[in-house]
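Letters go in sequence order (proteins before strands), and every chain restarts at 1. Predicted, not measured: the structure shown is a model, and the values here were computed from it.
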2 protein chains.
Amino acid sequence: MSENPVDRFIETMGLMSQGDGGTRISGQILAYLLTEGEPRTLQQMTEALSISKGSASTNARMLEMHGLAQRVSHLGARQDGWEAVAEPHLQLLSRLVGRFRQNYLVIEDLVASFPPERADARQRVEDFNQFYRQSADFFEEWLAHMSSGAEVPPPPGATGHPDPSAED
Amino acid sequence: MSENPVDRFIETMGLMSQGDGGTRISGQILAYLLTEGEPRTLQQMTEALSISKGSASTNARMLEMHGLAQRVSHLGARQDGWEAVAEPHLQLLSRLVGRFRQNYLVIEDLVASFPPERADARQRVEDFNQFYRQSADFFEEWLAHMSSGAEVPPPPGATGHPDPSAED
DNA sequence: CGAATCGTTCAATATGGAATGAACGTACTG
DNA sequence: CAGTACGTTCATTCCATATTGAACGATTCG
């Protein structure tokens, strides 16, 4: 669409957002706030992104709910200021982890009520479900690393050997 | 919807699939093949899932393309048999990694052409983009571990983490 | 107070894409 | 060879939901 690289980035982030199950506009707003660096108002969003006031409000609050953007207390002014949080990555990861864990729990619950004559099916589904559990655990641990300060976490595989925790 | 636990699982997997950017039916088919254990034909899918022949064909091939299902050579029969691959988890992870890496590359390319007067914006976007790169790298490494045989991979961070095997 | 500004809400609309089913090509069968 | 049985394709339909815009309440300013 645009030939302006910054706008292209904003549009691309919108695409990625809706590819990840979000809305296009929320991705655009996040990208906009990210590039601007300084707090921006809903009105500025509507102008910069050519979106309605309603969408700006709804999607901004969606970002806020997901911990990706925040309101900054307007010092002397009447309009809410919005800015991207310091490290949106962490929030994105958290959300991914949450979805994995949620999927795991839901499946675990369902599979528990499989009838006895479907014991083999249950076994296969449980095996499969470990994917969600392990992914959630794995990412969560890495997340803890990143949050705890280390900007670039240590590579994973370099570790020694298993601890006997994960198995059933 | 259904009170049958197995059907509920199938329906749930459909929901999760479309939550992950896939189609509902592809998730249902995967779940169906997973629970059945034995190869099933397109016709059996249409009956079991109440879907059209076209959808069965299209979505089954979609699963095949994603490495989640495969055709099994019909010994004496004319119909294609379909079954879930041995470890669908790995394929799901691969796809996730691929998407992260793709996002990273796209953003990296875009941000490179930011004009000089937007150097600060470029910096912020680059920082943000590390999320995609690191996630891709990190997961990819873990994936290599899992693929290399270890059914249950070693935990990554080697940090003591709270409760290893709390819920079962 | 009255006027104006701002954020939110919600019913109506628009849009992207999934699901359908008829039509087609191909390979078996008898 | 004609007659079936499959699998695939694609134009159409259908559906979920993102987006809009007008209406509303709340707040601020003159």
Side-chain angles (χ1 to χ4, degrees), chain A residues 1 10-33 39-66 68-83 99, chain B residues 1 10-33 39-66 68-83 99:
Chain A
M1 269 297 176
I10 291 176
E11 292 161 359
T12 300
M13 284 283 289
L15 270 303
M16 288 178 178
S17 171
Q18 72 178 3
D20 286 351
T23 70
R24 184 175 18 175
I25 288 185
S26 70
Q28 290 178 350
I29 291 180
L30 179 61
Y32 172 66
L33 295 178
R40 292 290 179 256
T41 67
L42 290 182
Q43 171 132 11
Q44 288 174 314
M45 297 179 198
T46 64
E47 294 166 356
L49 306 176
S50 299
I51 57 178
S52 70
K53 191 168 62 159
S55 283
S57 171
T58 300
N59 282 280
R61 261 176 318 115
M62 187 181 307
L63 288 175
E64 185 182 40
M65 203 171 304
H66 290 355
L68 292 166
Q70 57 194 2
R71 293 177 218 242
V72 38
S73 190
H74 34 148
L75 306 179
R78 57 257 144 250
Q79 304 189 144
D80 291 357
W82 291 85
E83 64 181 9
R99 221 175 49 188
Chain B
M1 271 295 176
I10 291 175
E11 291 162 0
T12 301
M13 283 284 288
L15 270 305
M16 289 177 176
S17 171
Q18 72 179 3
D20 286 351
T23 70
R24 183 176 19 178
I25 288 186
S26 70
Q28 290 178 349
I29 291 180
L30 179 60
Y32 172 66
L33 295 179
R40 292 292 178 258
T41 67
L42 290 182
Q43 171 132 11
Q44 287 174 315
M45 297 178 198
T46 65
E47 294 166 357
L49 306 177
S50 301
I51 58 178
S52 71
K53 191 166 63 158
S55 284
S57 172
T58 301
N59 282 280
R61 261 176 318 113
M62 188 181 306
L63 288 175
E64 185 181 39
M65 204 169 305
H66 289 357
L68 292 167
Q70 57 194 3
R71 293 177 217 242
V72 38
S73 191
H74 34 147
L75 305 180
R78 59 247 141 259
Q79 303 189 144
D80 291 357
W82 290 85
E83 65 181 10
R99 220 175 50 187

S.K.: With heavy-atom distances below 4.5 Å as the criterion, would you say the side chains of B:W82 and B:Q44 are in contact?
M.R.: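 Side chain of B:W82 against side chain of B:Q44, heavy atoms only: no contact under 4.5 Å found.
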S.K.: Would you tell me if any nitrogen or oxygen in the side chain of B:R61 comes within less than 4.0 Å of OP1 or OP2 on D:dG7?
M.R.: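 For D:dG7, OP1/OP2 do not have a side-chain N/O of B:R61 under 4.0 Å.
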S.K.: So which protein N/O to nucleotides 16-20 of chain D N/O distances come out below 3.5 Å?
M.R.:
| from | atom 1 | to | atom 2 | distance (Å) |
| --- | --- | --- | --- | --- |
| D:dT19 | OP1 | A:I25 | N | 3.3 |
| D:dT20 | OP2 | A:S52 | N | 3.2 |
| D:dT20 | OP2 | A:S52 | OG | 3.3 |
| D:dT20 | OP2 | A:S55 | OG | 2.7 |

S.K.: Tell me if a side-chain donor or acceptor on B:S55 pairs with a main-chain N or O of B:S52 at a distance below 3.5 Å.
M.R.: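 Not a single qualifying donor-acceptor pair exists.
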S.K.: Going by distance alone, is a donor N or O of one side chain under 3.5 Å from an acceptor N or O of the other, for A:E11 and A:Q28?
M.R.: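 The answer is no; no qualifying pair exists.
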S.K.: Taking only residues two or more places apart in sequence or in another chain, which ones pass side chain to side chain contact (heavy atoms under 4.5 Å, CB included) with A:R78?
M.R.: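 With sequence neighbours excluded, A:R78 shows a side chain to side chain contact (heavy atoms under 4.5 Å, CB included) to no residue whatsoever.
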S.K.: In this structure, how many angstroms lie between the P atom of C:dG7 and the CE atom of A:M65, rounded?
M.R.: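 Distance, rounded to whole Å: 16 Å.
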S.K.: Holding to salt bridge (charged side-chain N to carboxylate O under 4.0 Å, His left out), I want the full list of residues that pass it with A:R61, two or more places apart in sequence or in another chain.
M.R.: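 A:R61 satisfies salt bridge (charged side-chain N to carboxylate O under 4.0 Å, His left out) with no residue once adjacent residues are dropped.
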S.K.: Considering only residues two or more places apart or on different chains, which pairs with a residue in residues 41-55 of chain B satisfy salt bridge (charged side-chain N to carboxylate O under 4.0 Å, His left out)?
M.R.: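 Of all non-adjacent pairs touching residues 41-55 of chain B, none passes salt bridge (charged side-chain N to carboxylate O under 4.0 Å, His left out).
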S.K.: Which listed nucleotide (C:dG7, D:dG7, D:dT9) is nearest to the side chain of A:R71?
M.R.: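 Nearest to the side-chain atoms of A:R71, counting from C-beta on, is C:dG7.
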S.K.: Between N or O atoms, less than 3.5 Å apart, protein on one side and nucleotides 4-6 of chain D on the other: list the pairs.
M.R.:
| from | atom 1 | to | atom 2 | distance (Å) |
| --- | --- | --- | --- | --- |
| D:dC6 | OP1 | B:Q79 | OE1 | 2.9 |
| D:dC6 | O5' | B:Q79 | OE1 | 2.9 |

S.K.: To the nearest Å, give me how far apart CG (B:L63) and P (C:dA18) are.
M.R.: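 Atom-to-atom, B:L63 to C:dA18, this comes out as 13 Å.
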S.K.: Quick one: which residue pairs count as a salt bridge (charged side-chain N to carboxylate O under 4.0 Å, His left out) with a foot in residues 14-27 of chain B, not counting sequence neighbours?
M.R.: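 Counting only pairs at least two positions apart or across chains, the salt bridge (charged side-chain N to carboxylate O under 4.0 Å, His left out) contacts touching residues 14-27 of chain B are A:R99-B:D20.
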S.K.: Looking at CG of B:L63 and CD1 of B:I25, how far apart are the two atoms once the value is rounded to the nearest 0.5 Å?
M.R.: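 Between atom CG of B:L63 and atom CD1 of B:I25 there are 11.0 Å.
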